[in-house]
Amino acid sequence: MNNIVDLNSIDTDWAWARYEPKSDSDWSLAHAAHLYRRAGFAVDRETLEQAITSKSVELVHKLVHTEKETASFESESQSLADLVLATAKVENLPAWWTYRLLHTGRPLHEKMTLFWHGHFATSGEKVTESKLMHEQNQLLRKHALGDFGVLLHEISRDPAMLIYLDSVTNRKTHPNENYAREIMELFCLGEGNYTENDIRELARCFTGWEIRRDKFRFNRYQHDTGKKTILGETGEFSGDDGVDIVLRQKAGPEFIVRKLMKFFLFDEPEPADTLVKPLAEKLRNDNWQIGPTIETMLASNLFFSKHCMGRKIKSPVEFAVGFLNALEGTTNLYALSNGLTDLGQVLFFPPNVKGWDGGRAWINSSTLLARANLIRSLLDRKETRFTAGKLSDFFDKHNLRKPEQIVDWLEQTMFAISLSDELKNQLAREFDAGKANREQRLRNGLHLMCTLPEFQMA
Amino acid sequence: MTISRREFIGYSAAGSAALSVGTSLPQFLLHAAETSKLNRNERVVVFVQMSGGNDGLNTIVPYKNDDYRQHRKTLGIPAADVLKINNDLGFHPSLSGFSSLLEDDKLAIVQGVGYPDPNRSHFESMDIWHSCRRKHERREDGWLGRYLDVQQEKSGTEIPALHFGHEKQPFALTSTNHRVPSVRTLEQFRLKVQKNDSAEAIKSALTQERSSNDDLLGFVQSSTQTAINVSERFQKTGLSKMGNATYPESDLGKKLQTVAQLIRGGLPTRIYYVAIDGFDTHANQPEVHANLLQSVSDSVTAFTNEMKLLGESDRVLTVCFSEFGRRVAENASDGTDHGTAAPMILAGGKVKPGIIGEHPRLDDLENGDLKHHTDFRQVYAAILENWLKCPSETILDKKYTPVDVIS
Amino acid sequence: MPRNIVLPLLVLLIAGFVSTQQTFAADDAAKLFPASTLVYAEFDDPPAILDGVMKHELMKKAYKLDVYKKATSTPEFAKLTFALMFIEAQLGMKWNEAVKKLTHGGIVAAFDPATNGVALIATAKDKESLETITSKIMQMARQDAKGKGKPDPFKESMYRDITVYGTKDGGGFTFLKNHLVIANKSELGKQILDAWLDSPESSLATQPWFTEAKKTKANNPFFWAAFNTDLIKQKIEERHDNPGVEIIGGGLLEALKAADSTFGTASITGKGNQLNLSVRVPFDRTNVSERRQFFFGKEGRGGAPLLRKVPGQLACISAYRDVSEMWLRAGDLFVDRTLDKITEADATLTTLFAGKDFGEDILGQLYPTYNIVVAKQNFDGRDTIPSIRLPAFSIVATMKDPETNYRDFRRIFQSLVGFLNVAGAQNGQPQLDLEFDKVEGGEMISAQFVPEDDDKGNENAKINFNFSPTVAFHDRTFILSSTKSLAKSIIEMQKNPIKPGDDGSRDHITVNTNVDVDAAVLKSVLKENESHLIAQNMLDKGHSRKEAEQEISTLLDIITLFKSLNLALETDLSSIQLKTTVEYAGGDDE
């Protein structure tokens, strides 16, 4: 009745070994599209066709090791950030990030920034100061594929984070347990890997850590200098010592790898321990360097297998940004980023400290209608252009005249799951149906395709 | 397992054009059927949040009480003006709607509701009402969110709860597994198309054979079908005009009118949440408070009466509450400041009508505030256990004795 | 603004600068339009307009703009030029000659709601030129369609012995003597032909509203239109939900809703460097309903004060509005839902204003004559300069009881600043510092934002640093200003007030509202924020930086063509008029 493959029966060595395509059918447009959907926010057709002339390993290597954006991109991004920060409205920040997602030269870094944003969830709803949210975002980007230990240390004194967790004051007489709890439960170890006592003791380490006038400050008079026992270690620990102790736990790498697997590989089922362990070990041996683990994951047999391909539900950001990227589209970015509210994901506004759950939680009647309506509103919006033109011009440019050609092309470029012939026949008919002009008919047909369940899958 | 295709269609598309199921997949049928148990007997609760702190003392007025007269020299409602409930208590004169509901045995007033060690910050107190937890406790979900989680293990495709309004979603609805939609307008719940037959095209595309029988895809497919059906149902209910019921022109009136439309349209939603703001009457209370009370009373009354007309009265309960009451003594600018205990008002065909509990004593105050005698969680417990038929202990973190307000 | 609408826009605008002489009376056309016609419009002398446009100084200036140069150097433009040359070769004359011949005797147009149709009648120089030109154009269109494998674009048919050409969108055209008749709905076209053949008793020309409207036509406008107000009247509700609309246009609603109003007219005239658009509705200002007295004053004579002028002024609005009366009369003007909100706002404002009743004790203490002054700020030499640089604005009013009002307003302002500081401190906003300045004959109390340490020398500071909220008192004048320096300029200019202009001949005219905008200052304000405008354009439209830069520079270029814009709402003994005057920048300005 269903094909949830028993992942436990998979050979672990095979799973993480490098994917070596043996034939053309093992390395097709579909494989390249899969990689760019997961490691970024989808790409245009030309990039895909270019991609299959390289090896998968090379592509992944390039994704992981592109060190810098171009100077002109950064200067554009900065001028947009200047505007958004000048308005001092945190609601305007998503448009800035969306611009980056659409025009970045380092899609994987942006994707990982989004991962950390969901991991270290902090909402502009509470923080309200756009400058702090922007700074945190830049911090996440800086360490996106870098040293998790450094990131954890820095996020622990990040003003937006501490404001969000009500931890702007922390006195030794009343240690604030909020941050200590989150770092163990949500950021590094996961439930069951610490005790309530560990939280209380770790909280003592963080006493004296304060946010004053939007900046981190260590108030030595409020720091509890006494002995603490955390996770089996005893000493006169400072806050940074506390973070280091947490980072030394064996549960940490497993917790992070598990979450990365769910983010990059498949929504279901829960990854089996046997699959998690080798990568967790690697992450530990790499001293928390995230990049190599991601590289292994994305270049693996498992990643390019049927266990992963088409086995994730697109997040709203992937859905909307991917739509535009695949069709070389541009539009009103305020409308786009705020239009994601009804889909259940607005950048800079995660629903709670746990971030977005992902998977099936993205989907309900309301969010599905919102997905369909978002595409409709993008198609109806006069600012929306495809390579700076109409959709008909775009298809003409790609020499797509007949509906059948268009459906095939869109399927290859935008769909993670292939469509049955019967369905494709119907879709092709829809591209020709109705009295509207060609542009409208094309838009109607595209809208229909984006409403399909297959289009929701990544 | 024995559900027939015809039954499924009847369920999921109740009243809407029959779905032409072509070469359908058994597992998604089953899935959709499981998650869309549209039982017309399901009970519904509508929450009306009166934000800002409603002056309970001038809502249900102890009009004969000397202490009341003493504390409320200018704001006191004259005995001649109150709509008398009994020899001691009367409604604020704007509450003629509530008064008529009471006569019709469709209104219950639970007096003296609050919680220990009351907090007088709007946000904090509202969070306490929403989460049932104090600031130092872990608060990541709301009590209604926990109810949704207890009710449905898996994230379903239907809409178990809906919030209507432009304001931020009430924390009470935050759940671990469910994303409760906040709906600004019904318009948002419509599949927007350029071509009239696009919805048909989508429906037909959904019933085509898939190239994969993956479980996750099946889930999205059945969810999409439900969404299209729900959208059509919304449109139908949205288009059909109301019967005789007239609602006040106010925002609250319009929201409740929409809720009535959805209930009438057979939407399987159990919890509706609406709010009306402005009860923070530090100054110029008389006129503002009268307007707000009138809006609440007229809207809830119109809604309850319409439910009666539709024969839905016995399965729909409306609950009005505020984060706190106001101080007993009035202030110098014709207003009142943040206080504590206040009455909660419940309306519907199955409430135990009348006054429940004593009016808090006016000669035994705590720092100038009324002392509560009923914890709000006792009312929640009654709603959960006696109305929604759901154990309350895990949701409320503790066993609370339900107030005897549901008959 | 997209490049492709720049040229048509210019043509339209310049059309207005051209003085015209009447050569043609199109009164007969009204007999052809149905009685149900709602809007009627006429261009008296299109050839003169065309000549004027082509030779106009503004057009010459436009040729020099970068935008124009870029637009004309694109391949699309080359294609267009080529197509035009081809057509001209076929016609055997220049395109503008052809247009002139076709429209020699004027153009009239009508909108008829009964058929939802629009009809246009152009009168050519003579029957012959009409036929040669149109037949050639039709021939070209037919060949073009044939070449592209499309069906004949014009379907010939006969209607009552007249040859009619139908187009695929349901419209059509025909020739009647030297007239070209075009309609977008065949039903309307038929009615016009019937009228031509039958001369019916009832037509637009016999409608009382139209004959009345026709009588008011004066000054040889090159464009003139009349519309029936019945439909508009039905649309206007007794009470509405928008206080903003009421305060700006309540007077117009009153005039349109008045029982005896049946028509309105619009005309465009041009003179020298000016273009005037005037919309006029008959109106008896002495007979205004009580609820709209706040707008017009007693006997309709509530006049706006003179416009003010300060250095760097971007705009000035002057108006007569008894806002206190409007606030208190809200019950007569607005629907219940809005009233609830007003009641709520009233309570909040009263709390904010330390228990003073907002309608009576605050608004009621000012005479109903207001100025709003908007001026560019000078940021030179400031320590902390905001990233987005907004103009400053002030409201200027006159106090009824200066001594008491001074004390009250001063106190309220101080407590408001205190309140803002408390609220701001909680939200991490910079704090305000009160300053008291004595000026000759008055006093200013202002609140300056205190920069935080890292804001010192910051040229990209928060938007807050555009503001230094100020109240100022000078004799009877009360100024509420977004900045102290603007308040100061206003007080200084008060010493040498502008003398009333030459209004002797217009003594029965009351200017109710007057708005003046200076294009050069507008441009410099936009220029100062250009980088943000470009960024905003990128986010708003998804443009690339290049596209965005292009669009903003086009916008700025277009503004340089103009000098000022003036809007005035005036009443006289029999009408209310909304006059718009655009003045373009003279040739010697640059």
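Keep in mind that the numbers below use all heavy atoms, side chains included, and drop hydrogens, waters and symmetry copies. Proteins get letters first, then strands, A, B, ... in listed order; numbering begins at 1 in each.
The residue among A/R181, A/R429, A/H447, A/Q456 with the most heavy atom pairs within less than 4.5 Å of chain B is A/R181. Ranked by non-hydrogen atom pairs under 4.5 Å with chain B, the options A/E454, A/E177, A/K354, A/M449 are led by A/E454. Most heavy-atom pairs under 4.5 Å with chain B: of the set A/L379, A/D267, A/I313, this distinction falls to A/I313.
With a 4.5 angstrom heavy-atom cutoff, A/N176 does not touch chain B via any of its atoms.
Counting heavy atoms from C-beta on, the side chains of A/F266 and B/L216 never come closer than 4.5 Å. For the pair A/L369 and B/R190, the minimum side-chain heavy-atom distance is 4.5 Å or more. No side-chain heavy atom of B/T174 sits under 4.5 Å from any side-chain heavy atom of A/P351. Within the 4.5 Å cutoff, side-chain heavy atoms of B/R210 are placed close to those of A/L452.
At distances below 3.5 Å, at least one donor-acceptor pair connects side-chain atoms of A/Q426 with backbone N or O atoms of B/A201.
The residue from B/I228, B/T224, B/L191 that alone fulfils the side-chain contact (heavy atoms from CB on, under 4.5 Å) condition with A/L368 is B/T224.
When the salt bridge (Lys or Arg N to Asp or Glu O under 4.0 Å) test is applied to A/D421, no partner is found at least two apart in sequence or on another chain.
Closest non-hydrogen pair, B/L206 versus A/P453, comes out as CD2-CD, 3.4 Å. Across every non-hydrogen atom of A/L423 and B/A205, the tightest pair is CD1-O, 3.6 Å. When all heavy atoms are compared, the tightest approach of A/R376 to B/K192 is CG-O, 3.4 Å.
For B/R120, the CZ atom sits in a packed shell: over 12 heavy atoms of surrounding residues, nucleotides or ligands are nearer than 6.0 Å. For A/K126, the NZ atom is densely surrounded, since the number of other residues' heavy atoms within 6.0 Å is greater than 12.
The closest side-chain donor-acceptor pair between A/S420 and B/Q208, if any, does not fall under 3.5 angstrom.
Atoms CE and CG, from A/M457 and B/D214 in turn, are 6.0 Å apart once rounded to the nearest 0.5 Å.
The existence of a salt bridge linking A/R360 and B/D215 is confirmed by a sub-4.0 Å separation between a basic side-chain nitrogen and an acidic carboxylate oxygen.
Listed by first and then second residue, the ring-ring contact (aromatic ring centres under 6.0 Å, His included) pairs involving residues 418-439 of chain A amount to none (not counting sequence neighbours).
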